[in-house]
Amino acid sequence: MFTVGAGILFGFVAALAKTVIARLFQGDFEWLSLTCLAGLVIAALSGTFLVQNAHTRGTSELVVAGLTVIDPLVAVTLGITVLGEADTAPAPAFIAFLLAGATAVAGVLLLATVKKEPASATP
């Protein structure tokens, strides 16, 4: 759960960073930009806290794999739904997006459920 929470927060960090940078380049830096910047900092710090807790309670492989999938999944979903980044994408592209996301999630689920044998200590 710590990994999932961190991945979600880091996905928001990516989306908020894109928003703040875009507003800076547009010369439209005002209270909304400052609010996004504050949210970015809070999400980054909270995500870091959750990652540290995830590492103390789980394997590093699973934490890294979970973050590698969840963070971009959230960021891409926010980009498509909120920021309208895929408004001109054709329908087959959305099918490819879904297949790629499902494959990544399946890989992490397999990693989480498969038990690996401990390495034997050989002199």
Side-chain heavy atoms under 4.5 angstrom apart, residues restricted to Ile, Leu, Val, Met, Phe, Trp, Tyr: same cluster for [X] and [Y]?
X   : Y   : value
L34 : L24 : yes
L40 : L50 : no
F12 : V82 : yes
L83 : V74 : yes
F10 : I42 : no

Just by distance, do the side chain of R23 and the backbone of F29 share a donor-acceptor pair under 3.5 Å?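 Not at all, since once roles are kept as given, no pair shorter than 3.5 Å links the two residues.
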To the nearest 0.5 Å, how far apart are [atom1] in [X] and [atom2] in [Y]?
X    : Y   : atom1 : atom2 : value
L78  : I8  : CG    : CD1   : 10.0 Å
T113 : L62 : OG1   : CG    : 9.5 Å
I21  : L16 : CD1   : CG    : 11.0 Å
T48  : N53 : OG1   : CG    : 11.5 Å
H55  : T3  : NE2   : OG1   : 7.5 Å

How would you list, by chain and number, every residue that makes a ring-ring contact (aromatic ring centres under 6.0 Å, His included) with F49, sequence neighbours excluded?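 If we apply the ring-ring contact (aromatic ring centres under 6.0 Å, His included) test to F49, skipping adjacent residues, there are no hits.
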Minimum-distance pair of heavy atoms, taken over all atoms of [X] and [Y]:
X    : Y   : answer
L9   : S46 : CD1-CB, 3.6 Å
V64  : T68 : O-OG1, 2.6 Å
G47  : A6  : O-CB, 3.6 Å
V108 : A65 : CG2-O, 3.4 Å
P72  : L67 : CD-O, 3.6 Å

Going through the distances and angles, do I80 and F94 end up as a side chain to side chain contact (heavy atoms under 4.5 Å, CB included)? CA-CA 10 Å; I80 290 171; F94 285 100; 4.0 Å; yes
